[in-house]
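Notes to accompany the following structure.
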Amino acid sequence: MTSQTTAPRIAIVGAGIIGLAHAVAALDAGYRVTVIEQDAAAVTASVRNFGHVGASVQAGELGELAQESLPIWLGLAQRAGVVARRAGTLVVARSAAETAVLEEVVAERSPEGAELLRGSAVAAKLQLRSGSDAAAAIRAGLLLPADITADPRTAVARIAAWVAGHERGEVQFATTVHAVHTGVVETSRGRIAADHVIVAAGHLIGRLFPAQAEAAEVRECALQMARVRAPHRLGRGPAVLTGTSMLRYSRFAGPAADALRAELTRERPELAEIEANVMFTQQEDGTLLVGDSHAAHFTAPPFLDERWSQILLDEVAALLGAPQLEVLERWQGLYATSADGDILRASPAPGVSIVTLTTGVGMTVGLGLGARTIAAL
């Protein structure tokens with residue numbers, strides 16, 4: 001059996017969820033692991049999201065990776081103290097076109113355990129007052145019980161702490177990577193030798209490998225999000241998605257979703273303008289993480305458009321039957337995006353792998369993606 005000191009070493013650039021996913025898988029496979037992160041803590045995509053591990057709304061390769069991620073999340077809840085619970089996902093339909101999408105999913109490609117609910121049952125799950133306008137507006141809902149809600153503010157920090165505390169693991173924060181070559185990572189703290197290097201730098205991949213980033217047309221996708229106080233007691237229920245969400249996740253793709261897209265573009269152009277995904281997750285402290293809008297840039301400007309934020313907040317307030325929502329925090333999310341595909345995989349040199357997710361579901365598929373990469377080594 002390989003000893004702790006002679007096991008091959010994997011160096012991982014990036015301590016976001018994708019980099020840490022590879023670290024967890026590599027440690028479980030017996031490697032020595034060094035994670036290098038330029039910031040003193042993860043502060044970009046992996047902490048600025050909903051914490052929604054929405055495996056049930058993915059299809060294709062992303063769906064497979066998402067299903068593989070679910071048990072790893074639950075394992076990290078035990079091993080690393082990550083806050084992650086099987087809360088499920090509730091997809092709410094408030095129009096005939098949205099209801100048709102849910103009915104099509106149930107009839108043709110229903111996830112295991114999915115349950116189509118009447119509008120009154122959905123309103124009850126959202127703790128809406130019977131007979132209220134908000135309750136009456138809900139026509140149906142799809143409950144997907146397998147999905148997980150995690151705390152995005154603490155999850156990556158706790159996983160990083162677990163990696164750093166492992167007898168074969170270490171994490172070097174506040175360490176800038178200048179270059180990556182076969183067998184070595186050049187950093188601001190000196191050289192790190194490795195048998196294999198995995199670069200999981202997200203939207204910053206072009207700083208190390210500009211040719212690969214340009215070839216894959218990697219951009220930065222900027223989001224507007226907020227944390228709000230729940231307008232009434234919701235408990236610790238499921239993540240809640242709406243009709244706009246049906247246009248963003250591959251599980252819903254089909255003729256009914258195409259019809260819904262045309263209807264929303266015609267009747268709600270402001271939602272189409274900001275590429276809205278109106279949804280929220282319910283966190284352990286009773287607050288809601290609400291969002292989001294989408295805009296792709298070569299370099300995202302830091303400025304938030306208050307009109308965009310208000311569109312999102314008004315939609316969630318209407319869903320919950322509240323005159324307005326009390327905003328506790330606002331922020332800009334960032335992740336890598338590409339018209340070329342959902343995952344950028346490349347090997348720019350022998351023993352060097354680039355693995356960057358170029359869509360906004362890192363929390364959902366990242367742990368499965370890391371496990372697959374390490375298994376392939």
Side-chain angles (χ1 to χ4, degrees), residues 16-17 20 41-57 66 69-70 72-74 76-78 80-92 122 125-128 141 143-161 223-242 244-245 249 276-293 304 309 312-322 324-335 360-364 366-367:
I17 190 62
L20 292 174
V43 294
T44 53
S46 296
V47 300
R48 304 189 196 184
N49 59 80
F50 293 100
H52 182 220
V53 186
S56 300
V57 299
S69 296
L70 289 174
I72 305 175
W73 271 110
L74 296 177
L76 286 171
Q78 297 295 319
V82 171
V83 177
R85 56 190 171 83
R86 201 180 283 278
T89 299
L90 179 63
V91 191
V92 181
V122 177
K125 285 189 174 293
L126 295 177
Q127 303 293 319
L128 300 180
L143 183 62
L144 306 166
D147 296 340
I148 287 171
T149 294
D151 179 355
R153 305 290 182 94
T154 62
V156 288
R158 293 186 181 183
I159 298 171
L223 329 171
Q224 293 192 192
M225 297 184 64
R227 185 170 71 94
V228 306
R229 198 180 307 280
H232 55 261
R233 190 175 185 278
L234 286 170
R236 297 163 63 243
V240 175
L241 278 57
T242 68
T244 53
S245 310
Y249 297 117
N277 177 15
V278 180
M279 64 169 287
F280 63 84
T281 57
Q282 304 179 49
Q283 295 298 307
E284 299 297 299
D285 62 0
T287 62
L288 311 179
L289 302 186
V290 171
D292 57 359
S293 59
L304 300 181
S309 292
L312 298 166
L313 292 167
D314 288 348
E315 283 294 301
V316 174
L319 174 65
L320 295 176
Q324 64 181 25
L325 298 174
E326 180 187 353
V327 177
L328 304 174
E329 295 175 313
R330 301 178 193 266
W331 65 93
Q332 180 189 66
L334 279 177
Y335 64 77
V361 292
M363 297 291 274
T364 297
L367 295 178

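Because the structure is a prediction, the values reported are computed rather than measured.
- Annotation: side chain of Arg158 is in contact with side chain of Val83 (closest heavy-atom distance under 4.5 Å).
- Interatomic distance, CE of Met225 versus CG of Asn277, reported as 9.5 Å (0.5 Å rounding).
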### Query
Would Asp147 and Val53 count as a side chain to side chain contact (heavy atoms under 4.5 Å, CB included) if you check the C-alpha gap in whole Å, the side-chain angles of each, and the deciding distance to 0.1 Å?
CA-CA 6 Å; Asp147 296 340; Val53 186; 5.9 Å; no
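- Here Glu329 contributes atom CD and Thr287 contributes atom OG1; the two are 8.0 Å apart, rounded to the nearest 0.5 Å.
- In this structure, the side chains of Leu304 and Arg330 come closer than 4.5 Å at one or more pairs of heavy atoms.
- Summarising the local packing, CD of Gln78 is surrounded by 12 or fewer heavy atoms from other residues, nucleotides or ligands at distances under 6.0 Å.
- Few gaps surround CD on Glu284; more than 12 heavy atoms of other groups in view lie less than 6.0 Å from it.
- The shortest distance between side-chain heavy atoms of Val240 and Leu288 does not fall below 4.5 Å.
- With hydrogens and angles disregarded, a donor-acceptor distance shorter than 3.5 Å links the side chain of His232 to the backbone of Leu126.
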### Task
Begin from the C-alpha positions of Met279 and Thr89 and carry the test side chain to side chain contact (heavy atoms under 4.5 Å, CB included) through to its verdict.
CA-CA 10 Å; Met279 64 169 287; Thr89 299; over 6 Å; no
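- Under a 4.0 Å N-O distance rule, the pair Asp285/Arg227 qualifies as a salt bridge.
- Exactly one of Val278, Leu144, Val57, Val92 qualifies for a side-chain contact (heavy atoms from CB on, under 4.5 Å) with Leu241. That residue is Val57.
- Among residues at least two apart or in separate chains, there is no salt bridge (charged side-chain N to carboxylate O under 4.0 Å, His left out) pair with a member in residues 41-51.
- Looking only at side-chain heavy atoms (C-beta outward), Leu320 and Gln127 stay at 4.5 Å or farther from each other.
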### Message
Let's go through Ser293 and Gln224 carefully: what are the C-alpha distance in whole Å and the side-chain angles of both, what is the deciding distance for side-chain hydrogen bond (donor to acceptor under 3.5 Å, both in side chains) to 0.1 Å, and is it a yes or a no?
### Response
CA-CA 5 Å; Ser293 59; Gln224 293 192 192; 4.8 Å; no
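- Minimum heavy-atom separation, His52 to Ala239: CD2-CB, 3.5 Å.
- Interatomic distance, Trp331 CH2 to Ser309 OG, rounded to the nearest 0.5 Å: 10.5 Å.
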### Task
Test Leu319 against Phe280 for side chain to side chain contact (heavy atoms under 4.5 Å, CB included), laying out the working first.
CA-CA 11 Å; Leu319 174 65; Phe280 63 84; 4.0 Å; yes
### Message
The test is side chain to side chain contact (heavy atoms under 4.5 Å, CB included); show your working for Val361 and Met363 and say whether it passes.
### Response
CA-CA 6 Å; Val361 292; Met363 297 291 274; over 6 Å; no
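- Of all non-hydrogen atoms in Pro152 and Ala150, the two that sit nearest each other are CD-O, 3.2 Å.
- Side-chain contact check for Leu367 versus Ile17: some heavy-atom pair is nearer than 4.5 Å.
- Listed here is the closest heavy atom pair of Gln282 and Thr149: O-CG2, 3.9 Å.
- A 4.5 Å side-chain heavy-atom check between Lys125 and Leu143 finds at least one atom pair inside the cut-off.
- No side-chain heavy atom of Val228 sits under 4.5 Å from any side-chain heavy atom of Val316.
- At least one side-chain heavy atom of Arg86 sits less than 4.5 Å from a side-chain heavy atom of Leu74.
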